[in-house]
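To keep things clear, I will list the structure first and then write my remarks on it.
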Amino acid sequence: MIYTIKQLLENTINEIFSESVNNQSIDFSIERPNNDKHGDFSSNIALKLASVLKNNPMIIAKNIVEEIQKKNVESVDNIEIVKPGFINFFINNNYYQNIVEKILLEKDDYQKTNIGKNKKVQVEFVSANPTGPLTIGHGRQAVLGDAVSRILEWNGYEVTREYYFNDAGRQMRLLGKSLYVRYMGLFGEKLEIPTDGYEGEYIIDIAQLFLNKYGEKYKNNFVETVFIDYATENLLFSIKSTLKRLDIVHDVFFNEKTLYENGKIDETLKKMEQSGVTYKSDGAIWFKTTEFGAEKDRVLVKSSGEPTYRLPDIAYHAQKLTRDYDRIIDIFGADHHATYPDVISALKVMNYDTSKIHVLIHQFVTLVRNNEKIKMSTRKGDFVTLDKLIDIVGKDVVRYFFIMRNMDSHLNFDIELAQKETDENPVYYLQYAHARISNIIKHSKLKNINSFDDGNVKLLVEKEEVDIMKLMSEYKEIMKLCHTTLEPMHLANYLHKLSSHFHKFYQKHRVVTDNEELSKARLKLIKSIKIIFANCLNILGIEAPENM
RNA sequence: GCCCCGGUAGCUCAGCUGGAUAGAGCAACGGUCUUCUAAACCGUAGGCCACAGAUUCGAAUUCUGUCCGGGGUACCA
């Protein structure tokens with residue numbers, strides 16, 4: 001409807017003011033006013049035209065409205081002109097009632113697009129190195145990445161979820177050494193955990209498993225690769241199972257090591273050297289990032305001959321770009337925001353089309369306990385694991401919690417609150433609405449209403465009913481917004497609003513009554529709400545329960 | 001120093017590309033279950049939208065500056 005009105009206004013001003021406006025595009029808006037008195041839709045077009053036409057906005061509005069009224073537009077009941085020059089449109093119930101029928105007819109496909117049909121998109125997220133269990137911070141990214149993937153899938157894209165990790169390098173050597181220390185600890189040997197090593201208790205658990213498997217075979221016998229491999233395998237397994245508990249499954253686990261093995265690292269470095277964007281200094285190879293707007297040049301290969309993370313990152317993205325994806329989406333934490341521009345610059349140097357790459361940055365999660373901030377460090381083992389969080393509040397709450405906030409905003413996660421208020425958590429509010437609807441439909445069958453296909457939606461005229469239908473008419477715009485911004489939060493907000501409207505309706509009106517005609521009409525309404533609910537909850541990855 | 005986020009009710013956050021009386025949840029106080037689940041609903045209270053300027057018919061929203069918080073600015077990932 002909003003699009004119809006926009007078109008209508010555009011056509012109208014072209015007809016009346018074509019000469020004076022001269023095909024300039026007027027940047028006017030159509031919005032849904034907060035106040036019902038201002039109609040269903042409101043446009044500021046006359047206000048915008050006033051400066052161009054150098055005329056009183058009220059007079060311009062009057063001209064426009066007169067012209068529109070000649071056209072006798074269906075669905076539009078009334079048009080009003082108000083104070084400074086707003087044009088307000090009042091839509092008749094008929095239009096909204098038809099939406100219910102449409103939803104029932106199209107079901108899950110209602111407003112579904114095929115924007116992404118035959119398009120492949122890769123979403124890279126989490127990508128934590130296997131040095132410890134996933135933390136709450138990783139949780140935000142995991143949930144966000146999966147929800148973004150689901151939004152894309154809903155729009156018809158073929159999505160590959162990918163996890164990029166590295167089981168080599170300094171960090172992993174420290175991990176291996178730390179495991180060895182803990183293993184020896186089980187024999188009563190007190191060795192020092194290396195500086196910057198991993199002190200978390202989970203290493204002790206792994207050491208125990210290691211002991212169970214190998215016995216004393218590696219006592220006083222530190223074989224680095226054995227310890228690293230064992231720790232990696234174990235941690236990666238637990239990471240996968242944590243993600244699985246959130247219904248998140250990656251299609252591809254990409255090990256950075258393969259880039260060394262297949263020569264992509266060398267190839268990338270060579271290409272960059274040939275392009276003349278590198279130089280040697282102090283025994284290291286540098287990337288002239290200052291030429292691309294950075295404040296300092298960056299090291300690609302250390303004087304030790306070992307690449308920094310930057311070179312593999314570049315090689316990895318170059319490799320992604322050769323995999324014929326139509327879009328590549330990277331989800332990173334705020335700590336990465338400084339590094340990805342370098343990757344993009346490097347790719348441009350090598351003549352890749354970087355417009356396919358879209359980077360989403362989310363802000364950090366701050367863990368709060370008793371109003372005190374807790375610092376999270378995987379290395380020190382001072383963190384609350386994602387697993388523990390799922391134990392406490394469950395999958396649905398975890399997912400909803402991370403989705404309900406804008407990714408640009410810092411997230412405060414209060415542990416005490418999460419434990420205390422599981423019953424008052426907003427996610428139950430949504431699920432409860434869905435469960436109530438299911439229950440009513442069940443109840444209607446007990447009352448011998450076996451089918452309500454012949455229900456007449458024209459009977460839906462109560463304010464609470466119309467409000468719900470109006471909100472459902474916004475569904476299309478919400479889904480569009482989610483797709484363009486890739487911000488699942490909008491969907492969570494929408495669902496909350498829809499729940500609220502439903503609960504209000506439920507409180508005031510009974511669905512199943514002695515009036516069979518009305519009962520059937522209302523059953524149609526709630527069934528359509530249920531469809532929308534199930535759809536949205538599915539995209540957010542939250543269960544839509546039949547009972548609670 | 002420079003770069004990226006944020007600063008809205010006691011707390012956690014919405015507020016779309018500027019619009020007409022600033023919104024929700026939690027917390028506080030008061031009310032509503034013989035009738036489809038009270039995990040709900042209704043009401044009360046609570047705001048100089050960090051601060052100062054600028055643009056505009058009109059700014060929480062755009063721009064500039066200042067202050068405060070988080071992150072980055074590694075030959076760590």
Side-chain angles (χ1 to χ4, degrees), chain A residues 27 29 31-35 37-38 42 44 47 50-51 57 82-86 88 127-129 131 165-166 169-172 174 196 256 281-286 293-296 298-310 312-313 333-339 341 361-364 366 368 371 373 404-414 417 421-429 431-433 435-444 446-447 477-478 481 485 489-490 492-493 496-497 499-500 502-513 519 522 526 547-548:
Chain A
D27 181 28
S29 71
E31 61 183 46
R32 300 169 191 272
N34 295 321
N35 190 334
K37 285 178 191 159
H38 298 139
S42 174
N44 61 357
L47 291 160
S51 56
V82 187
K83 287 186 277 179
F86 289 109
N88 297 336
S127 296
N129 274 350
T131 57
F165 73 103
N166 175 14
R170 196 182 85 99
Q171 279 192 2
M172 301 315 288
L174 286 166
D196 294 339
E256 182 187 310
S281 173
D282 300 329
I285 301 174
W286 296 72
E295 62 173 323
K296 273 190 227 168
R298 310 287 176 189
V299 171
L300 289 173
V301 181
K302 300 181 218 172
S303 49
S304 65
E306 205 175 9
T308 63
Y309 62 89
R310 218 171 292 266
D313 271 4
D335 54 341
H336 276 66
H337 100 268
T339 80
I361 302 279
H362 71 268
Q363 297 302 310
F364 276 11
T366 311
V368 181
N371 294 321
K373 286 183 183 172
M404 70 192 270
R405 265 105 192 212
N406 191 316
M407 49 181 120
D408 276 342
S409 72
H410 304 271
L411 192 77
N412 277 347
F413 203 115
D414 190 322
L417 213 70
E421 304 189 38
T422 50
D423 285 314
E424 290 158 29
N425 203 292
V427 67
Y428 296 118
Y429 187 74
Q431 293 183 320
Y432 189 51
R436 267 182 157 176
I437 292 172
S438 306
N439 203 56
I440 297 169
I441 294 172
K442 248 179 262 166
H443 178 80
S444 73
L446 293 176
K447 295 282 174 183
E477 292 152 56
I478 296 295
L481 187 65
T485 61
M489 172 205 64
H490 298 299
N493 284 351
H496 191 272
K497 218 163 157 188
S499 306
S500 163
F502 169 74
H503 286 308
K504 268 177 201 168
F505 160 78
Y506 179 92
Q507 209 67 31
K508 198 156 181 190
H509 306 286
R510 259 188 94 76
V511 175
V512 182
T513 60
S519 298
R522 287 187 173 160
I526 65 166
N547 306 296
M548 278 178 76

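Throughout, protein chains are lettered first and strands after them, A, B, ... in sequence-line order, and every chain is numbered starting at 1. All figures in this text were calculated on a predicted structure; none of them were measured in a lab.
Not counting sequence neighbours, A:R510 has no partner by the side chain to side chain donor-acceptor pair (under 3.5 Å) test. For the side chain to side chain donor-acceptor pair (under 3.5 Å) test, no residue two or more places apart in sequence or in another chain qualifies with A:S409. In this structure A:A128 satisfies the side-chain contact (heavy atoms from CB on, under 4.5 Å) test together with A:V126, A:L134, A:H138, A:Y163, sequence neighbours excluded. Residues forming a side-chain contact (heavy atoms from CB on, under 4.5 Å) with A:T339 (at least two apart in sequence, or on another chain): A:Y309, A:R310, A:H336. Under the side-chain contact (heavy atoms from CB on, under 4.5 Å) criterion, A:P33 pairs with A:H38, A:S42, sequence neighbours left out. Scanning for side-chain contact (heavy atoms from CB on, under 4.5 Å) contacts around A:V511 gives A:I440, A:F505, A:R522, A:L523, A:I526, with sequence neighbours left out. Listed by chain and number, the residues in a ring-ring contact (aromatic ring centres under 6.0 Å, His included) with A:Y429 are A:H496, A:H503 (sequence neighbours excluded). A:K447 is linked by a side chain to side chain donor-acceptor pair (under 3.5 Å) to nothing, counting only residues two or more places apart in sequence or in another chain. Considering only residues two or more places apart in sequence or on other chains, A:H443 meets the ring-ring contact (aromatic ring centres under 6.0 Å, His included) condition with none of them.
As the counterpart of B:rC41, B:rG31 is assigned, both hydrogen-bonding distances of the Watson-Crick or G-U wobble pattern falling under 3.5 Å. Using Watson-Crick or G-U wobble geometry with both donor-acceptor distances under 3.5 Å, B:rC36 finds no partner in any strand shown. B:rG1 is paired with B:rU73 under the Watson-Crick or G-U wobble criterion, all donor-acceptor distances under 3.5 Å. Across all strands shown, B:rC51 forms a Watson-Crick or G-U wobble pair, both distances under 3.5 Å, with B:rG65.
When the side-chain nitrogen and oxygen atoms of A:K447 are compared with OP1 and OP2 of B:rC36, none of them lie within a distance under 4.0 Å.
Atom NE2 in A:H337 sits roughly 14 Å away from atom P in B:rC2 (whole-Å rounding). Atom NZ in A:K37 sits about 12 Å away from atom C1' in B:rA20, given to the nearest Å. Atom-to-atom, CZ of A:R405 to C1' of B:rC5 comes out at 16 Å; the value is rounded to the nearest Å. One atom, CG of A:N547, and another, P of B:rC36, lie 15 Å apart when rounded to the nearest Å. Straight-line distance from the CD atom of A:E31 to the C1' atom of B:rU61: 12 Å, rounded to whole Å. The distance between atom NE2 of A:H362 and atom C1' of B:rC13, rounded to the nearest whole Å, is 17 Å. Rounded to an integer number of Å, the gap from OH of A:Y429 to P of B:rC13 is 21 Å.
The side chain of A:Q507 sits closest to B:rC41 out of B:rA20, B:rC2, B:rC41. Distances were taken from every side-chain heavy atom of A:H503 (C-beta onward) to each of B:rA40, B:rU12, B:rG72; the shortest belongs to B:rA40. Of the listed nucleotides (B:rG19, B:rU12, B:rC2), B:rC2 has the atom at the smallest distance from the side chain of A:E295. Residue A:H496 places its side chain closer to B:rG25 than to any other of B:rG15, B:rA20, B:rG25. With B:rG19, B:rC41, B:rG6 as the candidates, the nucleotide lying closest to the side chain of A:F86 is B:rG19. Distance from the side chain of A:H443 is smallest to B:rC36 among B:rA20, B:rC36, B:rA38.
Taking atom C1' on both B:rA45 and B:rG31, the two are 15 Å apart, rounded to the nearest angstrom. Taking atom P in both B:rC4 and B:rC41, the straight-line distance is 42 Å, to the nearest Å. Comparing the same atom, P, in B:rC5 and in B:rA14 gives a spacing of 15 Å after rounding to whole Å. B:rG23 and B:rU64: their P atoms are spaced 29 Å apart (whole Å). As rounded to the nearest Å, B:rA9 and B:rA22 have P atoms that lie 14 Å from one another. Taking atom C1' on both B:rG69 and B:rA39, the two are 35 Å apart, rounded to the nearest angstrom. Distance check on atom C1': B:rC26 versus B:rG46 gives 14 Å, rounded to whole Å. Taking the P atoms as reference points, B:rC11 lies 24 Å from B:rC67, given to the whole Å.
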Would you list the protein and nucleotides 68-70 of chain B atom pairs, both N or O, that sit under 3.5 Å from each other?
from, atom 1, to, atom 2, distance (Å)
B:rG69, N2, A:H410, NE2, 3.0

With the criterion being N/O to N/O and under 3.5 Å, what pairs connect the protein with nucleotides 75-77 of chain B, and how long is each?
from, atom 1, to, atom 2, distance (Å)
B:rC75, O2, A:S303, N, 2.7
B:rC75, O2, A:S303, OG, 2.8
B:rC75, N3, A:S303, OG, 3.3
B:rC75, N4, A:D282, O, 3.3
B:rC76, OP2, A:K302, NZ, 2.7
B:rA77, OP2, A:Y309, N, 3.2
B:rA77, O3', A:N129, ND2, 3.4
B:rA77, O2', A:N129, ND2, 3.4
B:rA77, N6, A:Y309, OH, 3.1

Protein proximity profile, nucleotides 54-59 of chain B - base contact B, sugar-phosphate-only contact S, no contact -, cut-off 4.0 Å on heavy atoms: ----B-
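For the pair A:I361 and A:H490, nearest-nucleotide mapping onto RNA chain B gives the more 5' position to A:I361. The residue among A:K504 and A:M548 whose nearest nucleotide of RNA chain B lies closer to the 5′ end is A:M548.
At a threshold of 4.0 angstrom between heavy atoms, the contacts of A:L300 with the nucleic acid are absent. At a threshold of 4.0 angstrom between heavy atoms, the contacts of A:Q431 with the nucleic acid are absent. Residue contacts shown for A:Y506 include a base, since a base heavy atom lies under 4.0 Å away. Using a 4.0 Å heavy-atom cutoff across all strands shown, A:S42 reaches at least one base atom of the nucleic acid. Across all strands shown, A:H509 has heavy atoms under 4.0 Å from base atoms, whether or not it also approaches the sugar-phosphate. Counting any heavy atom pair closer than 4.0 Å across all strands shown, A:A433 reaches no nucleic acid atom. Using a 4.0 Å heavy-atom distance criterion, A:M489 is classed as a sugar-phosphate-only contact.
Listed for the A:T308 side chain is a donor-acceptor partner under 3.5 Å among the backbone atoms of A:V299. Judged purely by atom type and a 3.5 angstrom limit, A:N406 uses its side chain to pair as donor or acceptor with the backbone of A:D408.
Applying the 90° cutoff around 0 to the glycosidic angle, B:rC42 is assigned anti.
Within a 6.0 Å radius of NZ in A:K508, other residues, nucleotides and ligands contribute 12 heavy atoms or fewer. Annotation: A:N34, atom CG; neighbour count of heavy atoms from other residues, nucleotides and ligands within 6.0 Å does not exceed 12.
Using a 4.5 Å heavy-atom cutoff, the side chains of A:I478 and A:K497 are not in contact. A:F86 is listed as a side-chain neighbour of A:N44, based on a closest heavy-atom distance under 4.5 Å.
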